[in-house]
Amino acid sequence: MPHAESNPWQRLRGKVAAEILVAPRTAVDPSNQGQWPEVPHRVVFYLEHNVLGKPWRDALALLAPIMLARRFEVTSVFNKLSTLHSRFGRLFEALGLAGMEDWNATKHVPMYLKSEILPGDTPGARKRFWMDYNSASKAMASWLMGLPEKRRPGYERFTLPVVPPFFVEGLIRDREITERQQRTRKAETGAVVPRFIAIRSEAHLRFNRVARLRRAYREALQNLGSETRFPVTFSYDEGGDNERGIPAQERLWFKIWDRRSFVQAHPEAYYWRTVSYARTGVGAFATDLNRPFVEFVRAERLVGDAPPAGLWFADLLKLGVVGQRPYYGSAENVREKRAWLASWGYANRPFRSEVAGLMTWPEAEITFMRCAQCRCQGVLLPVESLYASALFGLMAIDLFTTTGARINEVMQIRLTDGCIVRLKMPAPPGSEDQSVRFRYVLRLVPKGEKTNTPKDYFIGEQTKRLLVRVAQMLGEHYQLEPGQALPSVRFHAHNGRAHRFGSAPYLFQYSGGHMSGETISSCMRFLLHGMVFKTLQGKLVILKSHLLRHAFATHVVQVEKIPVDVVGAWLHQKDLATTDYYSKPTENMVAEAADVYLARIATQIDVDKAVLRSPQELQQLYDEARGKAGTLADVIGGQCVSHGYCAAKFACVGCAGKVPDPAKRGQVEKHKQWASLQVGYATKEGLLPEAERMKQLMRDCDGELAEMDLIESYQKDEERDIRIQVEP
């Protein structure tokens with residue numbers, strides 16, 4: 001058996017029954033030669049810090065290696081352990097049970113499912129407990145039967161008793177619970193879909209705003225002389241367009257401090273000895289620690305009488321609800337934070353970062369800055385951290401809204417030639433431009449893939465630019481030399497699939513740590529905080545990666561008219577029934593059927609009559625389109641990201657499988673002109689359905705041109721120069 005340091009399972013020695021430590025036909029079997037997966041640190045850590053000391057400790061400790069030996073994903077094992085542990089705790093207390101020998105599964109499980117125990121639990125919670133208990137007990141029973149008969153009695157006492165199906169028949173209302181959950185998800189999706197394109201645009205504009213703040217701060221620092229006395233005030237203007245003569249909308253004012261000047265400017269807020277140290281420059285105020293930092297003072301409106309926009313994230317930093325310890329402070333302060341977050345519809349820790357220095361100050365500065373924030377009127381800004389957080393948030397939003405990828409798949413992106421692949425293609429025959437074309441694809445392992453075989457996720461030019469920008473930011477963050485590779489970091493240890501991915505130069509990393517799904521989602525919410533989404537019932541909706549995946553599926557099926565089976569292939573979903581659920585029309589779509597935006601959809605698709613083609617037909621479609629369409633061909637108005645076959649049957653304008661390119665605006669405009677001529681011809685000939693089809697094509701052109709306008713606006717905004725004013 002490996003030494004305890006190399007095998008976390010040995011940490012349970014003396015804390016659970018000795019038989020469990022050497023359970024046969026599992027990874028902890030002394031005769032194991034690698035045929036059964038090891039129990040990962042994450043599972044052992046959970047057992048150590050949650051389950052030990054409870055009556056069900058031996059049962060759950062045995063369950064873990066058994067399920068892993070049966071090739072359950074680590075996430076499934078962890079989720080089952082946590083569900084069973086939390087529910088056993090409440091059930092044993094409610095029933096007054098002292099030990100597992102008092103647990104009568106055939107009696108107590110039906111009582112719980114009938115709400116005779118813990119009546120406040122939701123139907124969904126009851127269903128989850130039953131599914132996990134039933135799965136766990138059957139796995140243990142199957143394992144037990146596989147043991148030699150003489151060894152079974154020694155382990156039977158640790159297994160969870162199986163409940164025969166007739167004891168619970170009719171007690172689980174699967175369909176009712178599932179439909180309720182799906183209605184909730186579709187209501188949330190319906191709040192997002194109408195603003196699906198605007199989300200991408202707003203994310204880019206906000207990132208540009210942070211990038212200008214960072215540039216202005218750096219320029220202000222460069223303009224300071226060696227004899228500069230802090231604080232220094234500077235400002236710059238936001239909004240407007242100098243080239244077009246549009247005046248700026250507002251002016252942002254800032255102060256640059258160092259530690260010494262800040263403490264000396266607020267002597268009443270600090271202990272006298274701290275003020276003395278700041279004056280003499282010793283201790284925490286020594287020269288190498290006395291780094292400058294910036295305070296956002298105010299925003300003033302220059303045009304009109306509307307309130308200034310300022311910085312959308314200012315309140316988040318002022319209240320201190322971002323970073324690794326969002327609920328730091330006194331009990332009263334924590335209550336205020338929770339109440340403020342609840343007013344926005346947030347729950348738990350929506351802006352929590354598990355990586356040091358994201359959305360907050362570096363570890364070495366956080367204590368001083370947290371105290372300083374309480375002592376100033378403005379908002380202290382960790383500029384470099386905010387820039388990185390906004391860029392990660394933008395990268396995630398771009399990937400979720402253009403590829404429909406899951407967050408676990410996004411976490412796998414690595415800056416290696418095995419993950420980011422460039423395809424070199426010859427120019428199409430007969431085209432004026434015969435230069436070589438390049439396309440890019442991400443190769444990632446989707447959920448449900450039993451082997452580590454990657455699948456293709458094609459990306460457009462904008463996504464490629466963002467990948468480069470993130471890589472450049474990380475190179476600067478790590479102070480890498482030109483050409484030096486990013487550091488390899490371990491895949492986030494608490495992710496359920498971490499055992500499948502080793503250390504690598506992952507794109508989503510910072511401060512030497514791989515970003516978890518929660519941290520990536522926090523960056524995304526940070527970037528879009530203040531964009532309010534509500535269901536028809538008025539409930540606030542919080543953006544999550546999986547919600548954007550649902551919105552992507554709904555958008556491409558309902559708005560862009562892509563068949564359900566094709567979208568299933570894009571999302572790498574094996575069950576088309578799941579794709580159909582993802583993409584069903586939202587309540588908003590049904591309620592607003594008379595709206596012009598949705599009227600365009602109504603003339604084109606009826607999702608209830610969507611034809612799910614057979615695999616043979618899909619293969620035929622692929623063969624017909626190969627070399628003629630898709631990722632290996634130029635398309636009108638942009639770049640195709642639909643791999644292998646043509647999702648829209650060569651109707652590229654309006655297709656969700658294409659990322660619009662403003663440089664190809666002329667192609668779409670000419671296509672619209674052609675469609676306009678066809679409308680007249682078809683009407684004259686009495687071909688009314690054809691005329692309607694051409695009208696729809698014109699509307700598709702208008703929609704695509706409008707999206708190009710948005711892309712051009714944030715690209716131009718990205719390049720907009722700033723003029724800072726430094727006050728003497």
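Given the structure is predicted, the values throughout are model-derived calculations rather than measurements.
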**Asked** If you measure from the Lys or Arg side-chain nitrogens to the Asp or Glu carboxylate oxygens, is any gap between R151 and E156 under 4.0 Å?
**Response** no
**Fill in**
Contacts of Y112 meeting ring pair (Phe, Tyr, Trp, His ring centres under 6.0 Å) (sequence neighbours excluded), chain-then-number -> F129
**Request:** State whether a side-chain donor-acceptor pair under 3.5 Å links R11 with H41.
**Result:** yes
**Asked** Would you say the side-chain atoms of D132 pair up with the backbone N or O of S135, donor to acceptor, closer than 3.5 Å?
**Response** no
**Prompt:** Hey, are E409 and R406 close enough for a salt bridge, meaning a charged N less than 4.0 Å from a carboxylate O?
**Reply:** yes
**Request:** Check the angle between the aromatic planes of W56 and F92 and answer parallel, tilted or perpendicular using the 30° and 60° thresholds.
**Result:** perpendicular
**Asked** Among all residues two or more places apart in sequence or in another chain, which pass the ring pair (Phe, Tyr, Trp, His ring centres under 6.0 Å) test with F78?
**Response** Y46
**Full working for side chain to side chain donor-acceptor pair (under 3.5 Å) between R469 and Q472** = CA-CA 5 Å; R469 194 157 194 169; Q472 291 172 338; 5.9 Å; no
**Request:** Can you sort out the partners of W143 under ring pair (Phe, Tyr, Trp, His ring centres under 6.0 Å), two or more places apart, ordered by chain and number?
**Result:** Y155
**Request:** Check the pair F392, M515 against side chain to side chain contact (heavy atoms under 4.5 Å, CB included), reporting the backbone distance first and the verdict last.
**Result:** CA-CA 10 Å; F392 282 128; M515 296 168 62; 3.8 Å; yes
**Item:** Salt bridge flag under 4.0 Å for residues R157 and E19
**Value:** yes
**Asked** With respect to D121, which candidate in R128, K127, R87 satisfies the salt bridge (charged side-chain N to carboxylate O under 4.0 Å, His left out) definition?
**Response** R87
